[in-house]
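To keep things clear, I will list the structure first and then write my remarks on it.
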Amino acid sequence: MSSTNTAKGTRDFSRNELAKRNYLFDVIKDSFTRFGFAPLETPAMENIETLTGKYGDEGDQLLFRILRSGDFLKDLEPEDLSHEQAKKIRSAIADKGLRYDLTIPFARFIAKNHAQLGLPYKRFQIQPVWRADRPARGRYREFYQCDADVAGTTSLLSDTEFILIVDDVFNRLKLPTSVYKLNNRKVLAGFAQTLQRADAMTDMTVAIDKLDKIGMEGVEKELAARGFNNEDIDKIKNFTAIEGNNNERLDQLQNLLAGNEMAVKGIAELREVLGYVNACTLQNTRVEVDFSLARGLNYYTGTIYEVQLDGVNMGSVASGGRYDNLTESFGVKDVPGVGLSFGAERLYDVMEQLDLFPATLGNNCQVLVLNLDEKHNAAYLNLSNQLRNSGIATELYVQKAKLGKQMKFAEKREIPYVLIAGETEFAAQQYQLKNLETGEQNGYSLSQIIEILNK
RNA sequence: GUGAGCAUAGCUCAGUCGGUUAGAGCGCUGGUUUGUGGAUCCAGAGGUCGCCGGUUCGAACCCGGUUGUUCACCCCA
C-alpha cells in the first residue's frame, strides 16, 4: 500500500485554503494589473543550462533535476559511474530542471522576445517554484512567488511605482501599517570602495545585513572574522549608526562619502525616489532609508528594498531591487530591470494570524438541493439547473439519504440554504427553502427562491 | 549541512515498574426521530502502538538502525 504523504516539503491545498490563497493572489494580481503589468506564465521546467550558474554553487545544489527518458546511461562508460564523476553523470542523465525562481525565466523570456515586445516591458508572474532545500517551518520545496518586474528602463519612476503597489496591496488586504526600508546598492559599493578592499562589498553586506538579528556586537564579531581591521569596523559602525529622518540621514551620508563618486550617485538616486514618493499620498506604508539593508543577492545594482509589517514578527513580506543586467547571461546586453516579490507564503501566514481573510470567502454554493427520493432525480436535476442558469451556485445531493445527514453535509460545506422538495412540493410547485443559519423555512415558488438567493 | 525532541484510533492526546483483552475527548455510523441539521441520551465501528531488527519468559514502553515530522542553528522566500 502506498503512503498518503505528499512529497517532502510539498502540500495539498484544501478548498478553504485555496479560497484564501486565491483571495490573496487576486488582490495582488488586481493591483499589478492596475499598474499596467501583464501576466506571464513560463514552464515549470527549463533546460538545465538555463538554470545552472545563475544562483551560485549553492543554488545549483538546490535545483531539482529531471531525469532524461530512455536509456540515458548508454553514452557513459562503466568507470564514469563512480561518486567522483557525480557531476558528469548528472549532466548526462538530466537535461531539464524545475524553475528555481521567476526572475531567470523572465530574463530568458525577455532575452528571447525583447524585439517584439517593446521595452519597457512590465510583467507579473504568480507561479510555484521548486528548491531541493531542507523544509522547515514556513519553508517549502514547492512554494509560490508573486513577482512583478519592469525590464528595459533605468527610470526611477519604476522603482517608485513598486512602493505605490505595496501600499495599495497592503491597504486593500487591511494589513497593519508597514515600513518600506529603502537603500541603494551603489551606496554600499561606494562605501566598500573607501575601505580599500576589493572583496569588502560582499563580506560587509553579509555582516551588516544581520544587524537586526545579532546586534552591533554580533556584526563586529562577524566583520572581524571576515578579516576587517578595527579601523574598518569603526567606519562601518559609524556608517550603520547614521540616524534621523530620511533627509538627515542622506545629508550625513553625503558628508561621510562626499569623495566617492559611486556613493554620491546612490545618494542622488535615493533622493530622487524619495522626491517622487513625497508627491504621492501613501496609506499603509512609510518609506525609511536604512543603510544597513543589504539584501543577500549580488545582482542588485541600484535601489534595494524590503518591507516589514509593524507589530508582526515575520521578517520581510515583500522585497526587491534594481539590477543593471537582467538578460546578459542570455546574450542580450543593456536591459536593466527592477522588480518586486511579495512573500506569498508569509503574507498568508500573517493574514491567518491576524484573522484578516474575509469571513464570506469561499467557493461555496448558495444552496443544496436535498434528495428525498431518487424517483425525483430528474426533477431535482432540472430544478438545480434552473437555479444555476439564474446565476446561483447550486449543489445537488445526488443520492437519497436521511434529511438530517444531508443537512449536516450542507453545514459542513458551509452552504447557507437547503431546498427541500418531495411529493407535495412538486405537486404544488412550492418548494421549501430553509436558511440553515436562522432555521427559518418557508414554501416559495422557484422564481421567488431565485429572487431570495440572488440578493 | 549541524544538533536535539517527537511518532499510539480519522483528529488531539493519555498509557503506571517491561506483565492478562492498549484507553479518553472530538469526529464517524446507527438508534432515540421510516420528511428536517446544531442540543441530550444510548449503542457501534475503527489500532500490525511509523517501519526493520535486537534484548527478554514477556516490549507501545529498553537498545540499534531507518523513515517521517517538529524545534534551534546555517541559509533562504
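Below, read A as the first sequence line, B as the second, and so on, with proteins coming before strands; counting in each chain starts at 1.
- With a 6.0 Å cutoff to the six-membered ring centre and a 45° limit on the axis angle, A:R286 does not count as a cation-pi contact of A:Y180.
- Relative ring orientation between A:H376 and A:Y380 is described as perpendicular, the plane-to-plane angle rising above 60° on a 0-90° scale split at 30° and 60°.
- Within 3.5 Å, a donor on the side chain of A:E425 pairs with an acceptor on the base of B:G35, or the reverse.
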>> Treating primed atoms plus P, OP1 and OP2 as sugar-phosphate and everything else as base, which nucleotides of nucleotides 28-33 of chain B get B, S or - for protein heavy atoms under 4.0 Å?
In response: -S-S--
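- A:L372 places its CG atom 14 Å from the P atom of B:U34, with the value rounded to the nearest Å.
- Residues A:D159 and A:R322 have side chains in contact (heavy-atom distance under 4.5 Å, counting atoms from C-beta outward).
- Taking the side chain as every heavy atom from C-beta outward, A:F109 and A:L117 approach each other to under 4.5 Å.
- Using a 4.0 Å heavy-atom distance criterion, A:Y140 is classed as a base contact.
- A:D30 and A:R172 are joined by a salt bridge, as a carboxylate oxygen and a charged side-chain nitrogen come within less than 4.0 angstrom of each other.
- B:A72 and B:U66 have their P atoms separated by 25 Å, given to the nearest Å.
- Nucleotides B:C42 and B:G53 have their P atoms positioned 44 Å apart, rounded to a whole Å.
- The separation of B:G65 from B:C26, taken at their P atoms, amounts to 41 Å, rounded to a whole angstrom.
- If you measure from atom CD1 of A:I415 to atom C1' of B:U36, you get 16 Å, rounded to the nearest angstrom.
- Set against B:A77, B:U36, B:C71, the side chain of A:F143 has B:A77 as its closest nucleotide.
- As rounded to whole Å, 17 Å separates atom P of B:G1 from atom CZ of A:R131.
- For A:F124 and A:F35, the ring centers are positioned 6.0 Å apart or more.
- When heavy atoms are screened at a 4.0 angstrom cut-off, A:T424 is found touching base atoms of the nucleic acid.
- With B:G37, B:G68, B:C76 as the choices, the nucleotide that has an atom nearest any side-chain atom of A:K8 turns out to be B:G68.
- Across the protein-nucleic acid pair, A:M314 atom CE and B:A77 atom C1' stand 12 Å apart, rounded to whole Å.
- One C1' atom belongs to B:C51, the other to B:A7, and the distance between them is 11 Å to the nearest Å.
- In this structure, CZ of A:R134 is placed 11 Å from C1' of B:A72, rounded to the nearest angstrom.
- Look at A:R185 and A:E269 and you find no salt bridge, because none of the NZ, NE, NH1 or NH2 atoms lies under 4.0 Å from a carboxylate O.
- Counting any heavy atom pair closer than 4.0 Å across all strands shown, A:Q406 reaches no nucleic acid atom.
- Across the protein-nucleic acid pair, A:M407 atom CE and B:G37 atom C1' stand 6 Å apart, rounded to whole Å.
- A:G439 comes within 4.0 angstrom of a base, heavy atoms only.
- Stem analysis of RNA chain B (at least three stacked-register Watson-Crick or G-U pairs, each with both distances under 3.5 Å) gives B:1-7 with B:67-73, B:10-13 with B:23-26, B:28-31 with B:41-44, B:50-54 with B:62-66.
- Between the CG atom of A:N435 and the C1' atom of B:G38 there is a distance of 13 Å, given to the nearest Å.
- Put simply, the side chain of A:N113 does not reach to within 4.5 Å of the side chain of A:Y121, judged on heavy atoms.
- Taking the six-membered ring for Trp and the full ring otherwise, A:Y417 and A:Y431 have centroids separated by 6.0 Å or more.
- Looking at heavy-atom distances under 4.0 Å, A:I420 makes contact with a base.
- Here B:G38 is the nucleotide among B:U70, B:C75, B:G38 with the atom lying nearest to any side-chain atom of A:E411.
- Cation-pi contact between A:R21 and A:F13: present, with separation from the ring centre below 6.0 Å and deviation from the ring axis of at most 45°.
- B:G27 and B:C11: their C1' atoms are spaced 7 Å apart (whole Å).
- Backbone-only contact: A:G404 has heavy atoms under 4.0 Å from sugar-phosphate atoms and none from a base.
- Of the candidates B:U2, B:G35, B:C75, B:C75 carries the atom nearest the A:R139 side chain, counting heavy atoms from C-beta on.
- Spacing of P atoms, B:G64 relative to B:G3, comes out at 16 Å, to the nearest Å.
- Comparing B:U36, B:C76, B:G37 against the side chain of A:Q432 picks out B:U36 as the nearest.
- Within the nucleic acid shown, A:E306 has no heavy atom closer than 4.0 Å to any nucleic acid atom.
- For the P atoms, the distance linking B:A39 with B:C28 amounts to 10 Å, nearest Å.
- For the P atoms, the distance from B:G25 to B:G44 is 13 Å, rounded to whole Å.
- A donor-acceptor pair shorter than 3.5 Å can be found between the side chains of A:D310 and A:T177.
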